[in-house]
Amino acid sequence: MQPWPGTEEEALAVQDSLRSRVVHSAGPEAPTTVAGLDVAYAEGDDRLAAAVVVLRVADLTVVDTAVVRGRPAFPYVPGLFAFREVPALLEALGRLTVPPEVLICDGHGLAHPRRFGLAAHLGVLTDLPAFGVGKTRLVGHWDPVGEQRGARSPLVDAGETVGAVLRTQAGVKPVFVSVGHRIGLDRACALTLALAPRFRLPETTRAADRACRDLLR
DNA sequence: GCGACAG
DNA sequence: ATCTTGTCGC
């Protein structure tokens, strides 16, 4: 990942080029391990910490953790967010001992202006099944989501379904699930629910968030 | 011209 | 992302 875009124009070109490599498929039937990825930023300076935490799906226990320090590789620009965190996340992924079967990212996959958000980007670069679970929307519209856990509504942008707005807990704001690479929306939603038995966000995201926050201090 | 805009 | 007070609930 040496040739990194230095301008928005270059970043857009990279997205256009990599987008064609996205693979649409159902994905692993019953993955044994899944990884949560997240990045935390320091307050004063521009340091960041990127974490990847591998969980065993069966009991949601942590089986591996990798955290690295770094700097943002690109300014924050909605739609080009991946260029900011991908280098640090790839470095952390490379330090894992237990290989994850699915990557779960903090952000979106196809629910992106050009259908190539962070989850799709990481999925293509690693060629691992990957999807995103975002806390807020980037693109798309949806009808009201049922109140009970598991209820979902299609996230639609420009006439196409780009994800799902999924209620992981009754009485809690839903999350935005979107496919990235080599996995289908139904399986991504099912996995998200299985990983969020008690809180709004999946345990993968919570564990990764904790891990990078700890390193920052 | 005025909003919207992952983290 | 991070800042930021109180508040409700277990």
Side-chain angles (χ1 to χ4, degrees), chain A residues 4-5 8 11-12 14-15 18-19 22 35-53 67-93 103-125 130-142 155-158 161-166 168-181 185 188-189 192 197-202 204-217:
Chain A
W4 206 248
E8 296 189 20
L12 289 171
V14 171
Q15 289 187 329
L18 295 180
R19 188 174 41 199
V22 170
L37 301 83
D38 193 25
V39 171
Y41 296 84
E43 310 154 23
D45 49 70
D46 66 343
R47 292 173 306 125
L48 64 74
V52 181
V53 179
V67 195
V68 303
R69 298 175 197 279
R71 309 277 179 193
F74 204 82
Y76 172 65
V77 179
L80 298 178
F81 172 60
F83 294 96
R84 188 173 176 74
E85 305 189 337
V86 160
L89 288 172
L90 285 179
E91 190 184 334
L93 277 167
L103 264 33
I104 302 179
C105 310
D106 212 37
H108 298 98
L110 301 187
H112 175 278
R114 292 168 296 283
R115 306 293 179 260
F116 199 69
L118 176 65
H121 204 134
L122 276 173
V124 164
L125 294 186
F131 67 93
V133 176
K135 296 180 286 294
T136 61
R137 74 135 230 179
L138 173 59
V139 297
H141 298 85
W142 63 97
L155 178 61
V156 180
D157 182 50
T161 295
V162 295
V165 185
L166 176 70
T168 54
Q169 295 294 322
V172 172
K173 191 202 300 182
V175 297
F176 299 77
V177 178
S178 66
V179 157
H181 183 62
L185 186 57
C189 285
T192 299
R198 169 144 195 221
F199 300 107
R200 177 191 181 219
L201 297 177
T204 37
T205 298
R206 290 166 49 77
D209 181 74
R210 257 189 27 181
C212 53
R213 245 174 237 235
D214 285 348
L215 184 66
L216 228 40
R217 303 186 173 183

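Here the structure is a predicted model, which is why all the values come from computation and not from measurement. Lettering of chains follows the sequences in order, A, B, ..., and the numbering in each one begins at 1.
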For this session: Go through A:Phe81 and A:His112 one step at a time and tell me if the ring-ring contact (aromatic ring centres under 6.0 Å, His included) criterion holds.
Result: CA-CA 10 Å; A:Phe81 172 60; A:His112 175 278; over 10 Å; no
Exercise. Expressed in angstrom and rounded to an integer, what is the separation of A:Leu201 atom CG from C:dA1 atom P?
Worked result: 9 Å
For this session: Describe the nucleic acid contact of A:Tyr76 in one word from base, sugar-phosphate, nothing, applying a heavy-atom distance below 4.0 Å.
Result: base
Seminar exercise, completed: One should read off an interatomic distance between A:Leu110 CG and A:Asp157 CG, to the nearest 0.5 angstrom, of 11.0 Å
Problem set entry | Non-hydrogen atoms of A:Val52 and A:Ala35 that approach each other most closely | CG1-CB, 3.9 Å
Problem set entry | Approximate separation, where rounding is to 0.5 Å, of A:Leu201 CG and A:Asp209 CG | 8.5 Å
Exercise. Just how far, in rounded Å, is C1' of C:dA1 from CZ of A:Arg47?
Worked result: 14 Å
Exercise. Of all nucleotides in DNA chain B with an atom under 4.0 Å from a non-hydrogen atom of chain A, which is the first and which the last going 5' to 3'?
Worked result: B:dA4 to B:dG7
Exercise. Atom CG in A:Leu118, atom CZ in A:Arg84: separation rounded to 0.5 Å?
Worked result: 12.5 Å
Seminar exercise, completed: Here the distance between atom P of C:dA1 and atom CG of A:Leu48, to the nearest Å, is 13 Å
Exercise. What heavy-atom pair brings A:Ala11 and A:Pro5 nearest, and what distance separates the two atoms?
Worked result: N-CB, 3.5 Å
For this session: Describe the nucleic acid contact of A:Leu89 in one word from base, sugar-phosphate, nothing, applying a heavy-atom distance below 4.0 Å.
Result: nothing
For this session: Look at A:Arg210 together with A:Asp38 and state whether they make a salt bridge at an N to O cut-off of under 4.0 Å.
Result: no
Exercise. Hey, which of these two, A:Arg198 or A:Glu43, hits DNA chain C nearer its 5' end, going by closest nucleotide?
Worked result: A:Glu43
Exercise. Looking at CG of A:Leu37 and CD of A:Glu85, how far apart are the two atoms once the value is rounded to the nearest 0.5 Å?
Worked result: 9.5 Å
For this session: For A:Arg137, look at atom CZ and say whether over 12 heavy atoms of other residues, nucleotides or ligands are found less than 6.0 Å away.
Result: yes
For this session: Give DNA chain B the dot-bracket treatment, 5' to 3': Watson-Crick (N1-N3 with N6-O4 or O6-N4) or G-U (N1-O2, O6-N3) under 3.5 Å, [ ] crossing, | other strand.
Result: .......
Problem set entry | Side-chain heavy atoms of A:Val77 within contact of A:Phe83, under 4.5 Å | no
Problem set entry | Parallel, tilted or perpendicular: rings of A:Phe116 and A:His121 (30°, 60°) | tilted
Seminar exercise, completed: Here the distance between atom P of C:dA1 and atom CG of A:Leu118, to the nearest Å, is 13 Å
Exercise. Counting any heavy atom closer than 4.0 Å, what does A:Gly79 reach on the DNA or RNA strands: base, sugar-phosphate only, or nothing?
Worked result: base
Exercise. Atom CG of A:Asp106 and atom C1' of C:dA1: how far apart are they, to the nearest Å?
Worked result: 10 Å
Exercise. What pattern of brackets, bars and dots sums up DNA chain C from 5' to 3', given Watson-Crick or G-U wobble pairs under 3.5 Å, [ ] for crossing pairs and | for another strand?
Worked result: ..........
